[in-house]
**Q** 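First the structure, which I've put down as structure tokens, then a few questions once you've had a look.
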Amino acid sequence: MADPSTIRIPDDLLPADGRFGCGPSKVRPEAVEALSRVSRTYLGTSHRQKTVRNEVARLRRGLAEFFSLPDGYEVILSNGGTTAFWESAVFGLIRDRAQFATHGEFGAKFATAVRAAPFLGEPTVHSATPGTAAALTAEAGVDVYGIPQNETSTGVSVPVRRVPGADPDALMLIDATSGAGGLDVDVAETDVYYFAPQKCFGSDGGIWIGLFSPAAIARAEEIKASGRYIPAFLDVVTAIEQSRLEQTYNTPALATVFLAAEQTDWMLSQGGLAWAAKRTAESASIIYGWAARSSFATPFVTDPAVRSTVVATIDLDPAVSADAVSAVLRANGIVDTDSYRKLGRNQLRVALFPAVEPSDVERLTHCIDHVVERL
Ligand SMILES: *Cc1c(COP(=O)(O)O)cnc(C)c1O
């Protein structure tokens, strides 16, 4: 085997941008330039004043348009990323019993948070072997259903639909952290469609955003009124009230808010969600098409119906070390193609988020071929 550190990918093969990580993911240089233009008037200014609240408002308004928000739904945001949203849901959205469908690491984390809460009933968890999809099933007494739209650790994505036969006031919580903005969705099929902006929204991490239905807002108010202990930082009702004022309970990352608003407006200017979903599908057809033709690569997700168009997971032949390929790519400026560690597979994982140019995905496949020929 050749010494991987000596493999140099010719400049004319390289993608224009080498960031293919699944989060934090590629931030468009144009967005960073826009941030730079407001660096003295926006960064370092009070989040309780107009300048910052206008950016929160721009983000909330942009998202409402981008997702064609149904009547009565509201864009809510607060600090701490998706992980903090899970804990907030534990305290403020689940009455007693939740049911989860988990197809990997991220879906399982929400279920674990619920199981750890002494004041909630034991959740039902339907889990699937990695690379396949789990499904929710109607169950009497379940008041919250949770499923990831796109499981970032495995590259499995599922259509977003309410559970037929579920109790009429059960809430549908969709972890759309890596799917929102890149996969089609009818938000009316959800009660909270939640995500963080470091994936398809091409921003940095640190905040969570949820599209709340009137039923979800009512549930948060009901649980708060019941007198349950709720840590102030995780209080969903506070998040709702603060969002309506175009602010957050405590200080947000101003750059994150701005970059997310930039990405939303950029995607809107390109044609909105329909455009974004088409673009990720194009990138997906490039990389899966390449894998199908390749002698050493195969899509990990065998069922094309649940194969993600925003996160591609590609298994390599055991004779080709994915770690070595990723390491050579990294040494050549193409970063974060490594598989999700805990999955433990000989695999490459590639983000196909809207900020990533399909032409760069194409170039990436040529770079992988170039490296494998020389290993
Ligand atoms: C990235 C990711 C998370 C975690 O998001 P944080 O903002 O880091 O808490 C949760 N769920 C999914 C599906 C993800 O892709």
Side-chain angles (χ1 to χ4, degrees), residues 19-27 59 63 76-90 93 98 100-114 125 127-128 130-131 133-134 136 145-160 172-183 185 190 192-211 233-234 236 239 248 252-253 255-257 259-260 263 280 300-301 306-313 336 338-343 349-356:
R19 292 172 290 177
F20 292 98
C22 291
S25 62
K26 178 181 169 187
V27 178
L59 174 59
L63 291 172
I76 306 303
L77 74 165
S78 195
N79 285 313
T82 293
T83 303
F85 175 81
W86 290 330
E87 302 297 347
S88 300
V90 163
L93 289 173
F100 297 100
T102 73
H103 5 266
E105 200 57 36
F106 288 108
K109 282 186 178 175
F110 190 6
T112 302
V114 170
V125 180
S127 48
L136 297 165
Y145 290 88
I147 187 169
Q149 180 181 24
N150 186 75
E151 176 48 67
T152 321
S153 65
T154 61
V156 164
S157 69
V158 295
V160 172
M172 187 73 180
L173 270 48
I174 304 295
D175 181 352
T177 309
S178 59
L183 297 179
V185 67
T190 77
V192 187
Y193 186 74
Y194 63 91
F195 52 97
Q198 71 273 24
K199 305 198 180 179
C200 292
F201 283 89
S203 178
D204 225 334
I207 61 176
W208 62 259
I209 296 162
L211 313 180
F233 176 67
L234 300 174
V236 178
T248 48
T256 297
V257 169
L259 293 171
Q263 177 77 354
T280 62
F300 168 51
V301 178
V306 296
R307 202 177 278 161
S308 174
T309 60
V310 280
V311 171
T313 46
D336 302 337
D338 321 70
S339 73
Y340 193 78
R341 277 283 149 228
K342 282 196 199 155
L343 203 54
R349 184 176 61 148
V350 177
L352 311 171
F353 299 153
V356 174

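Counting starts at 1 for both ligands and their atoms, following the listed order. For clarity, every value in this text was computed on a predicted model and none was experimentally measured.
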**Q** How does K109 reach ligand 1, by side chain, by backbone, by both or by neither, if only non-hydrogen atoms under 4.0 Å count?
**A** neither
**Q** Indicate yes or no: at least one non-hydrogen side-chain atom of T248 is less than 4.5 angstrom from one of I207.
**A** no
**Q** Looking at Q149 and V185, what are the two nearest heavy atoms and their distance?
**A**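 Heavy atoms of Q149 and V185 come nearest at NE2-CB, 4.1 Å.
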**Q** Counting both backbone and side chain atoms, is some N or O of W86 under 3.5 Å from an N or O of ligand 1?
**A**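 No: no nitrogen or oxygen of W86 is under 3.5 Å from one in ligand 1.
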**Q** If you take all heavy atoms of N150 and S157, which pair is closest and at what distance?
**A**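 N150 and S157 have their closest heavy atoms at OD1-CB, 3.3 Å.
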**Q** State which residue, out of F195, F106, W208, Y193, fulfils the ring-ring contact (aromatic ring centres under 6.0 Å, His included) condition with F85.
**A**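 Exactly one pass, corresponding to W208.
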**Q** Would you indicate whether the side-chain heavy atoms of R349 and T152 approach each other to under 4.5 Å?
**A**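 Side chain of T152 against side chain of R349, heavy atoms only: contact under 4.5 Å found.
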**Q** Quick one: nearest non-hydrogen protein atom to atom 8 (O) of ligand 1, plus distance?
**A**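 Here the nearest protein heavy atom works out to Q198 NE2, 3.5 Å.
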**Q** I'd like to know whether L173 forms a side-chain contact (heavy atoms from CB on, under 4.5 Å) with Y194, so could you lay out the CA-CA distance, the side-chain angles of the two residues, the decisive distance to 0.1 Å, and finally the verdict.
**A** CA-CA 8 Å; L173 270 48; Y194 63 91; 4.1 Å; yes
**Q** With a cut-off of 4.0 Å, which atoms of ligand 1 are near a heavy atom of A196?
**A** 7 (O)
**Q** Among all protein heavy atoms, pick out the one at the shortest distance from atom 11 (N) of ligand 1; state its residue, atom name and that distance to 0.1 Å.
**A**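 The protein heavy atom lying closest is D175 OD2, 2.7 Å.
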**Q** Mind checking whether T83 contacts ligand 1 via backbone (N, CA, C, O), side chain (CB onward), both or neither, at a 4.0 Å heavy-atom cut-off?
**A** both
**Q** Can you list the atoms of ligand 1 that are under 4.0 Å from a heavy atom of N150?
**A** 13 (C)
**Q** Please identify which atoms of ligand 1 are closer than 4.0 Å to at least one heavy atom of S178.
**A** 15 (O)
**Q** For the side chain of T309 and the backbone of T280, is there at least one donor-acceptor N/O pair under 3.5 Å apart?
**A**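 Here the side-chain-to-backbone pair does not exist.
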**Q** What residue and heavy atom of the protein are closest to atom 5 (O) of ligand 1, and at what distance?
**A** T82 CB, 3.4 Å
**Q** Could you pull out the closest heavy-atom pair between G182 and C200, with the gap in Å?
**A**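 The pair with the smallest heavy-atom distance is N-SG, 3.6 Å.
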**Q** So if I count the atoms of ligand 1 from 1 in the order they appear, which ones are less than 4.0 Å from some heavy atom of T152?
**A** 12 (C), 13 (C), 14 (C), 15 (O)
**Q** Specify side chain, backbone, both or neither for E151, according to which of its non-hydrogen atoms lie closer than 4.0 Å to ligand 1.
**A**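 Neither part.
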**Q** For atom 1 (C) of ligand 1, what's the nearest protein heavy atom and its distance?
**A** K199 NZ, 1.4 Å
**Q** May I have the step-by-step check of side-chain contact (heavy atoms from CB on, under 4.5 Å) for T154 and V301, ending in yes or no?
**A** CA-CA 8 Å; T154 61; V301 178; 5.5 Å; no
**Q** What part of P148, side chain, backbone, both or neither, has a heavy atom within less than 4.0 angstrom of ligand 1?
**A**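 For P148, there is no contact with ligand 1 at all, from either part.
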